[in-house]
Amino acid sequence: MVQEALREIKRGSGELIDEARLLDRLKGWFERGEHWTLKAGFDPTAPDLHLGHTVLLSKLAIAQRYGARIQFLIGDFTATIGDPTGKNETRKPLTRDEVLLNAKTYEEQVFKILDPAKTDLVFNSHWLKDLGAGGIIALASLSSVARMLERDDFEKRYRNQTPIAISEFLYPLLQGYDSVHLKSDMELGGNDQKFNLLMGRQLQGAYNQPRQAVMTMPLLEGLDGVQKMSKSLNNYVGVTEAPEEMYGKILSISDEQMWRWYELLSFRTLEEISALKSGVASAEVHPKKAKESLALELVTRYHGEAAAQAAQAHFERVHTQKALPDEMPTFHFGEPIWIGKAFLEAKLINSTSELRRMIDQKGVRIDSKVIEDFKTELQEGEFVCQVGKRRFARIRIGA
RNA sequence: GGUGGGUUACCCGAGUGGCCAAAGGGGGCAGACUGUAAAUCUGCUGGCUCAGCCUUCGGAGGUUCGAAUCCUCCACCCACCA
């Protein structure tokens, strides 16, 4: 029993540090029904979850089956202060209200996956805001600059003479202190969080607490298959996205990437997945079929089965058969009009220069006919206008 | 406080008086090929009804026939020394 639980929890994970501690807690659950605490921290700045976040969430959900109480920590403290470091973008501090609003959004999205009865939503500002300068300095004295520089990115930046703000040293400490306050038995985080997670162990030790086990999850790559999935790179699939969008995006990932997503996102067993994989390898199963099945599973999870089926049908019609979408925005003009004006109005293009380029590239169609003349005018009637593969609009001229 | 370096288009980054709407790469877009795959190939990637014109190289002035490039001031960023 305990071993099976351990396998389930470890499945797909990156690294598990202090397996003995986790085993101990699992035994406690199976033998005496004792709950154990599993902490995971989230940044309240991004209210829209994407599939990358759900890698962690799914793992938490599995742990709940084996006695874990989830300490779902919203890192609101740093968010309301703001991190001036932001190498490329300046993160502006969030107000209390914004944080609460974001937390609310979290609740709505997260509980599609997690069991609310076994989840505690906690905000670290509750204990951090009263820490005070003295508290922070005391905390800071528990670690060293050398230790901080062990962290890969700090080390690199230091060596390359790119700036490191002092506050950046503070964040791992504060995150570690969260574990002390919550007396966490285990903490789960992304691969990139390893250093911070380990800081929790170090600080718990300093406070004479048992040290938390630490498990990291690999980061899910985004639609490009290379960079991690993130909003700012715009390579993400949001969990609240429309079913058609979600389905289409999932089908656009590479075949190679598909297996990664299966591993980290699908609820299928490892055996099922490897069966599918060998099916594709031996050409018994078309890769597209395997991908469709992944897309269906995920869209069903967030939108229900009916919506997922509809999304698939939509995709087949529009993309595979290159038929027109059944719905597209409609625009109406009273008199004959130059396509440049009409398309601009319909947001099919961003500028008339873009239109010029698109026409040169044979990317503009009206009623499925490629347009060659930049000066084309639309006369009375109704036209289906298309720019590129996915920009459509219906334009009606006349009364 | 001192010294030095930097600020170029979506991002990185070349450019140090005209040939610069600005190299190269990344990203993005379009077309071909497909499974709207991926990979690959080709082209495009400031605006304007475009052989031309207009606005852009941190900001404001100035020198010059001509400035991303030279000068002055300002703002911001970084490193090193204290």
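Side chains included, hydrogens not; waters and symmetry mates left out as well; all remaining heavy atoms used.
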Short side-chain N/O contact to [N] OP1/OP2 from [X], under 4.0 Å:
| X | N | answer |
| --- | --- | --- |
| R357(A) | G28(B) | no |
| S351(A) | G47(B) | yes |
| K288(A) | U36(B) | yes |
| S353(A) | C50(B) | no |

Report task. Provide the Watson-Crick or G-U wobble partner of U56(B), both distances under 3.5 Å; none if there is no partner. Result -> none
Report task. Report the base-pairing partner of A67(B) (Watson-Crick or G-U wobble, both distances below 3.5 angstrom), or none. Result -> none
Query raised in the report: How about E305(A): does its CD atom have over 12 heavy atoms from other parts shown lying under 6.0 Å from it?
Result: no
Requested in this report: Using a heavy-atom cut-off of under 4.0 Å over every strand shown, decide if K375(A) touches base, sugar-phosphate, or nothing.
Outcome: base
Query raised in the report: S254(A) has a side chain; which of G35(B), U36(B), A38(B) sits nearest to it?
Result: A38(B)
Query - Listed nucleotide nearest any side-chain atom of R356(A), set U49(B), G35(B), C29(B) - result: U49(B)
Query raised in the report: Do the side chain of D255(A) and the base of G35(B) come within less than 3.5 angstrom through a donor-acceptor pair of N or O atoms?
Result: yes
Query raised in the report: Can F374(A) be classed as stacking with the base of U49(B), given a centroid separation cut-off of 5.5 Å and a plane angle cut-off of 30°?
Result: no
Requested in this report: Establish, for the pair K249(A) and Y236(A), whether the NZ or CZ atom is under 6.0 angstrom from the six-membered ring centre and no further than 45 degrees off its axis.
Outcome: yes
Requested in this report: Send over the distance from E354(A) CD to U49(B) P, rounded to a whole Å.
Outcome: 14 Å
